Each structure stands twice: as structure tokens, then as C-alpha cells.
Amino acid sequence: MKLTRSFYQDEDVTRLARAFLGKVLVSHTGGVITSGIITETEAYAGISDKASHAYGNRRTARTEPMYRKGGYAYVYLIYGIHSLFNIVTAPEGIPHAVLVRAIHPLEGVGYMQERRNSRQIKGLCDGPGKLTKALGIHFTDTGQPLSGSRIWIEDRNICPPEERISTGPRIGIDYAGEDAHLPYRFIYNHPA
């Protein structure tokens with residue numbers, strides 16, 4: 001059920017961002033399995049995308065995982081508080097990534113609520129910082145292979161119907177100029 005390495009090798013990051021909708025993000029933390037259906041993603045098109053951390057072929061210790069071949073985690077800290085989980089895509093040397101913005105909780109919901117200090121299920125994982133906290137994903141997980149035993153993505157044959165998928169601009173990237181308006185955000189309106 002885990003996605004194969006070849007799945008991540010597509011150079012069309014927007015096609016992959018959309019293809020991740022309906023896939024299941026799984027984490028294994030402290031002996032606990034937690035998971036959720038991916039319901040929102042954003043594509044970041046490497047060196048040509050002004051919103052990407054790798055824009056202009058920027059290579060730093062933080063962005064280095066983006067240059068690996070697809071199938072690795074790129075997790076970074078924002079505002080000094082939130083870890084954000086990205087999926088590295090494309091062949092090695094092409095720093096494309098897909099930010100997972102939201103999931104619909106599946107396994108381990110009680111653990112997710114405990115990690116988030118929330119009794120609610122609605123809104124538990126409807127933001128990139130919320131879902132990483134709920135799944136126990138931390139910025140120190142950057143570079144983890146998505147074929148391993150810590151974090152992985154599964155295909156459970158959940159096929160979101162076309163009428164439940166919407167597309168729009170990414171959130172919070174006004175600094176990216178005209179690239180801020182690209183339709184690189186994909187949402188699966190899951191019937192919760």
C-alpha cells in the first residue's frame with residue numbers, strides 16, 4: 001500500500017500535488033500509528049517558483065533535502081513554532097516539493113487529539129502546523145525517506161470525485177509576486 005519510489009519521480013509538481021489528494025499520510029511515533037487522508041496540498045516548482053525555498057537554485061543546509069530524488073520528507077520550522085511537512089518530488093537535482101496543508105484524521109485520532117490538546121475532531125488537522133503536531137512530525141524529520149518506517153504515504157484506493165476537488169492560489173506567499181497567483185493549491189472537499 002505504500003507509494004512506490006517511482007510515484008514521486010514525476011517532474012510535473014502540480015500533477016503530483018493533485019495526485020496526493022486522497023492518499024493517506026501515516027506516521028509512526030513513540031510506538032503509535034496515526035494517519036489521515038490528504039485533503040489539501042500546495043505545489044512548489046523549485047528553482048523557477050518565487051514561492052519555493054529553492055527559488056533561483058538556492059542551496060542551503062535547510063533546502064538540501066529538496067534536491068534529493070522524490071520520495072523524501074522536507075520538514076521545516078516556521079515562526080519558530082510550527083513544523084511544516086512537504087513531500088520531495090521529481091528526479092534528483094530538481095527541487096520540487098508538495099506541502100501537505102490538511103488531512104482528514106483516520107487512525108490514532110485519540111493520540112492526535114492528545115498531541116493537539118484538543119477534544120475536537122473537526123479542525124484537528126486543517127492546517128499544515130496542526131497536522132504535523134497531530135501526527136507527531138517534527139522538523140528534525142526532514143530528509144526521512146517516505147519508504148521507511150517513520151513517515152510514509154499509502155494508496156488505499158480513495159479516489160476523490162472531480163466535483164469535490166477545487167484549485168486556487170497558494171496561501172501566505174504574497175512575497176512571491178505574480179507567482180502568488182498561480183493555481184497551485186489543491187483541495188479535496190472530503191465528506192466528513
Side-chain angles (χ1 to χ4, degrees), residues 2-23 25 38-103 126-132 137-148 151-153 155 160 162 164-189:
K2 285 183 186 179
L3 295 181
T4 63
R5 284 278 186 168
S6 62
F7 185 91
Y8 301 97
Q9 301 306 305
D10 192 334
E11 289 186 43
D12 187 336
V13 70
T14 56
R15 181 172 42 231
L16 269 181
R18 191 179 186 291
F20 283 120
L21 297 177
K23 301 296 186 270
L25 176 58
I38 297 173
T39 58
E40 186 176 349
T41 61
E42 288 181 351
Y44 288 86
I47 63 174
S48 64
D49 183 351
K50 292 177 184 172
S52 172
H53 290 169
Y55 174 65
N57 207 28
R58 187 180 311 124
R59 287 187 91 141
T60 65
R62 180 173 98 160
T63 64
E64 202 55 38
M66 294 179 74
Y67 288 87
R68 289 183 170 178
K69 65 181 175 183
Y72 285 87
Y74 171 53
V75 189
Y76 63 90
L77 193 63
I78 188 167
Y79 308 129
I81 303 170
H82 304 293
S83 293
L84 302 190
F85 173 78
N86 295 260
I87 304 161
V88 175
T89 66
E92 186 172 1
I94 301 173
H96 291 177
V98 174
L99 171 67
V100 178
R101 289 195 53 84
I103 61 170
D126 65 352
K130 291 179 179 182
L131 76 89
T132 54
I137 295 173
H138 189 261
F139 68 87
T140 56
D141 289 314
T142 199
Q144 285 282 335
L146 298 178
S147 58
I151 304 167
W152 65 90
I153 300 173
D155 185 348
E162 288 297 320
R164 290 199 161 271
I165 296 176
S166 56
T167 305
R170 296 169 290 187
I171 295 173
I173 57 161
D174 293 340
Y175 60 85
E178 66 275 4
D179 287 0
H181 306 290
L182 294 170
Y184 283 5
R185 182 173 165 227
F186 302 89
I187 303 164
Y188 167 29
N189 299 299

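Each residue takes its place number in the sequence, starting with 1. Model, not experiment: these values are computed from the prediction.
- Aromatic pair Phe20/Phe7: centroids less than 6.0 angstrom apart.
- To the nearest 0.5 Å, atom CG of residue Leu84 and atom CG of residue Leu99 are 6.0 Å apart.
- The OG1 atom of Thr63 sits 12.5 Å away from atom OH of Tyr76, with the distance rounded to the nearest 0.5 Å.
- Note: Thr89 OG1 to Gln9 CD = 8.5 Å, rounded to the nearest 0.5 Å.
- Checked against side-chain contact (heavy atoms from CB on, under 4.5 Å), Pro183 has the following partners two or more places apart in sequence or in another chain: Thr167.
- Between Ile187 and Glu40, the closest heavy-atom pair is CG1-CG, 3.9 Å.
- In this structure, NE2 on His138 lies 8.0 Å from CG on Asp141, to the nearest 0.5 angstrom.
- Taking CG of Asp10 as the start and CG of Leu16 as the end, the distance is 4.5 Å to the nearest 0.5 Å.
- Of the possible polar contacts, one joining the Asp179 side chain to the Lys50 backbone as a donor-acceptor pair under 3.5 Å is found.
- Taking each heavy atom of Tyr188 and Gly22 in turn, the nearest pair found is CD2-N, 4.2 Å.
- For Asp126 (side chain) and Ala102 (main-chain N/O), no donor-acceptor pair under 3.5 Å exists by modelled atom type.
- Remark: Glu92 does not engage Arg5 in a salt bridge, criterion side-chain N to carboxylate O under 4.0 Å.
- With a 6.0 Å cutoff to the six-membered ring centre and a 45° limit on the axis angle, Arg170 counts as a cation-pi contact of Tyr44.
- One finds the OG atom of Ser48 at 8.5 Å from the OH atom of Tyr55 (value rounded to the nearest 0.5 Å).
- Lys2 places no side-chain N or O within donor-acceptor distance of the main-chain N or O of Leu146, the cut-off being under 3.5 Å.
- Judged by distance alone, the side chain of Asp49 and the main-chain N or O of Gly46 form no donor-acceptor pair under 3.5 Å.
- Thr132 places a side-chain N or O within donor-acceptor distance of the main-chain N or O of Ser83, the cut-off being under 3.5 Å.
- The two residues Gly70 and Tyr8 have their closest heavy-atom pair at C-CB, 3.4 Å.
- Among all heavy-atom pairs drawn from Pro65 and Tyr74, the shortest one is CB-CD1, 4.3 Å.
- Contact between Ser52 and Met66 at its shortest, heavy atoms only, is OG-CE, 3.7 Å.
- Arg101 pairs with exactly one of Ile38, Thr41, Ile171 by the side-chain contact (heavy atoms from CB on, under 4.5 Å) rule, that one being Ile171.
- A donor-acceptor distance shorter than 3.5 angstrom exists from the side chain of His96 to the backbone of Glu11, with no hydrogens or angles considered.
- Across all non-hydrogen atoms, the minimal contact from Ile151 to Phe85 is CG2-CE1, 3.9 Å.
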